[in-house]
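Since the structure comes first, as structure tokens, the remarks are kept for the end.
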Amino acid sequence: MTAARLDKQKTIDLRKKHIGPSCKVFFSHDPIKIVQAQGQYMYDEKNDRYLDCINNVAHVGHCHPEVVKAGAKQMELLNTNSRFLHDNLVQYAQRLQATLPEKLSVCYFVNSGSEANDLALRLARQYTGHKDIITLENAYHGHISSLIEISPYKFHQLTDTEQSPHVHVALSPDTYRGKYREDHPDPAAAYADNVREIIEKVDDKGNKIAAFIAESLQSCGGQVIPPPGYFQKVAEHVRNAGGVFIADEVQVGFGRVGTHFWAFQLQGEDFVPDIVTMGKPIGNGHPMSCVITTKEIAEAFMSSGMDYFNTFGGNPVSCAIGQAVLDVIKKENLQANALAVGSYLSHLLEEQKEKHPLVGDVRGRGLFVGVELVRDRVKRTPATAEAQDVIYKLKEERILLSADGPHRNVLKFKPPMCFSRQDADLTNFLFVLHILYTTSHTEAYSDQHA
């Protein structure tokens, strides 16, 4: 029996009463109550339709019928843990491995991106015998304690909390706002040298690096695209120091970048991480994730003498859903769609950059695009308030967008992969209207306070 639907205010009141206050909602001044979704669209309690430009979790589209069917069918038969033999587990592992370089051949299935990244740290530390971790400015790798420690995006928000002495923060390889910008002759080498310098300082103190971890494309950090060759150079420095390279694909994997199935592959065929973590899109909304590594690292983890068991990781239902997601990506040519529609969307946004000074930078790959708003293109002053204004204005037009980055001034486009050219046209048209509106109000404010 389905419970009667509550009115929106009752839902808000019960949420305030029973849900932790640190669990925030989108559009807190007027949150949206979503009751249904399909494809790239979400529907509220009044059946108003919203175009979803932010939900990279619903990778192949909200409530995709083939994914739903696969999960329901397997749930009717069996759901149990991976201590029993089941074809779904090994067949899914085999299919995932086939999308990766050959040396990445051993899978550990878990339930969230946070679990995956936490396990990746354990693998790295066991394999190397070292403890220290290098992470990037503005990085976010998960919400559990071990990952808050390596997520400046989060731990910089904490008061009276000291950074772990075993965690070292390298410069974000941001060629728009970072230390080494687009006019630098070799930003990849310059940013990688910063990692090398950190390794040398750690070594001088008698410590050793276990791993360097990075999102293949930074998401919460502001849709940052590392310069070509950066990962190769960093990996060389890290491996020379006895550490390993962890590529976090939780946000950007499974064909989202268009040209490749995994975002780390953008760096070139000569770069292969030692550990890859994946989550969010892997189950299209079903809670599952995976760590894939080399045979050598997996064997070192086994040598600790402690078994690894995860109650729900790799269960038959999750693996059936994961296989259905891979099927839909291939059947509906969603990686090619990400390339075509993402390129088209980026082109439209680049045109707005030429026309509107508020648009400082447009960057991205496939259906992972960031638009950085600035008040001054020369100084690159973050237009934080203006970004929020644009988001709320687009919400009024029933288009869902968010802003992120250290200054919350980067508009993030990471929609379901079924996003179409028509969706891009609509988004661009309304985006232009609200950029014009926001620009006029910003200029009026500046004139009044000149």
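Between the side chain of Gln163 and the main chain of Val167, a donor-acceptor pair closer than 3.5 Å is present. For Arg256 (side chain) and Leu367 (main-chain N/O), a donor-acceptor pair under 3.5 Å exists by modelled atom type. Using modelled atom types, no side-chain atom of Arg177 and backbone atom of Asp174 make a donor-acceptor pair closer than 3.5 Å. Remark: the backbone N or O of Ile54 is paired with a side-chain donor or acceptor of Lys414 at under 3.5 angstrom. Judged by distance alone, with hydrogens and angles left aside, the side-chain atoms of His130 form a donor-acceptor pair with the main-chain N or O of Ile209 at under 3.5 Å. Remark: the backbone N or O of Ser164 is not paired with any side-chain donor or acceptor of Glu149 at under 3.5 angstrom. Between the side chain of Glu115 and the backbone N or O of Val110, no donor-acceptor pair lies under 3.5 Å. Here the side chain of Gln232 pairs no donor or acceptor atom with the backbone of Asp270 at under 3.5 angstrom.
Ionic pairing of Glu372 and Arg363 is present here: one or more N-O contacts between side-chain nitrogen and carboxylate oxygen are shorter than 4.0 angstrom. The pair Arg239-Asp274 counts as a salt bridge, with a side-chain nitrogen and a carboxylate oxygen less than 4.0 angstrom apart. Using a 4.0 Å cut-off between a side-chain N of Lys or Arg and a carboxylate O of Asp or Glu, Lys208 and Asp203 qualify as a salt bridge. Salt-bridge formation is not detected for the pair Asp44/Lys33: no Lys NZ or Arg NE/NH1/NH2 atom is positioned less than 4.0 Å from an Asp or Glu carboxylate oxygen. Electrostatic pairing of Arg196 and Asp193 counts as a salt bridge here, judged by a charged N lying under 4.0 Å from a carboxylate O.
Shown here are the ring-ring contact (aromatic ring centres under 6.0 Å, His included) partners of Tyr180, two or more places apart in sequence or in another chain: His184, Tyr191. Residues satisfying the side chain to side chain contact (heavy atoms under 4.5 Å, CB included) test with Glu236, not counting sequence neighbours, are Asn240. With sequence neighbours excluded, no residue forms a ring-ring contact (aromatic ring centres under 6.0 Å, His included) with His347. Remark: Leu339 engages Thr259, Ser343 in a side chain to side chain contact (heavy atoms under 4.5 Å, CB included) (not counting sequence neighbours). Residues satisfying the side chain to side chain donor-acceptor pair (under 3.5 Å) criterion with Glu332, sequence neighbours excluded, are His64. Scored by the side chain to side chain donor-acceptor pair (under 3.5 Å) test, Ser318 finds His286, Asn315 as partners (sequence neighbours excluded). With sequence neighbours excluded, the residues satisfying ring-ring contact (aromatic ring centres under 6.0 Å, His included) with His29 are Tyr392. Gln251 pairs by the side chain to side chain donor-acceptor pair (under 3.5 Å) definition with Asn56, not counting sequence neighbours. The side chain to side chain donor-acceptor pair (under 3.5 Å) check on Lys330 picks up nothing, with sequence neighbours excluded.
Screening Thr277, Ile275, Val276 for a side chain to side chain contact (heavy atoms under 4.5 Å, CB included) involving Pro273 leaves a single residue, Val276.
Classified by interplanar angle (parallel below 30°, tilted 30° to 60°, perpendicular above 60°), the ring pair Tyr108/Tyr308 is perpendicular.
Rounding to the nearest 0.5 Å places CD1 of Ile246 at 7.0 Å from CD1 of Ile150. The structure places CD1 of Ile329 at 11.5 Å from CG of Asn333, a figure rounded to the nearest 0.5 Å. The structure places CZ of Phe413 at 5.5 Å from CG of Leu345, a figure rounded to the nearest 0.5 Å. In this structure, CG on Asn337 lies 10.5 Å from CZ on Arg421, to the nearest 0.5 angstrom.
Aromatic pair Phe261/Phe254: ring centres closer than 6.0 Å.
Applying the side-chain hydrogen bond (donor to acceptor under 3.5 Å, both in side chains) rule to pairs touching residues 83-93 yields Gln74-Asn88, sequence neighbours excluded. Residue pairs meeting the ring-ring contact (aromatic ring centres under 6.0 Å, His included) criterion with at least one partner in residues 211-231, sequence neighbours excluded, are Phe212-Phe245, Phe231-Phe245, Phe231-Phe271.
Judged by the 6.0 Å and 45° rule, Lys395 forms a cation-pi pair with Phe27. Figure legend: cation-pi geometry between Arg380 and Tyr176, with NZ or CZ positioned under 6.0 Å from the six-membered ring centre and within 45° of its axis.
His166 and Asn207 share no side-chain donor-acceptor pair at under 3.5 Å. No hydrogens or angles considered: nothing links the side chains of His59 and Asn284 as a donor-acceptor pair under 3.5 Å. Asn409 and Thr384 share no side-chain donor-acceptor pair at under 3.5 Å. With hydrogens and angles left out, the side-chain atoms of Trp262 and Ser216 include no donor and acceptor closer than 3.5 Å. In this structure, a donor-acceptor pair under 3.5 Å is absent between the side chains of Gln97 and Ser105.
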Anything under 3.5 Å between a donor and an acceptor, one on a side chain of residues 424-431, the other on a protein residue two or more places apart or in another chain? List them.
| from | atom 1 | to | atom 2 | distance (Å) |
| --- | --- | --- | --- | --- |
| Asp425 | OD1 | Tyr344 | OH | 2.4 |
| Asp425 | OD2 | Tyr344 | OH | 3.4 |
| Thr427 | OG1 | Asp423 | O | 2.8 |

Inset, instruction - Could you check Glu66 against Lys331 for salt bridge (Lys or Arg N to Asp or Glu O under 4.0 Å), going step by step and ending with a plain yes or no? - result: CA-CA 11 Å; Glu66 292 190 25; Lys331 180 179 178 181; 2.7 Å; yes
Inset, instruction - Apply the test salt bridge (Lys or Arg N to Asp or Glu O under 4.0 Å) to residues Lys201 and Asp132: give CA-CA distance (whole Å), side-chain angles for both, the deciding distance (0.1 Å), then the verdict. - result: CA-CA 12 Å; Lys201 290 178 182 178; Asp132 288 34; over 6 Å; no
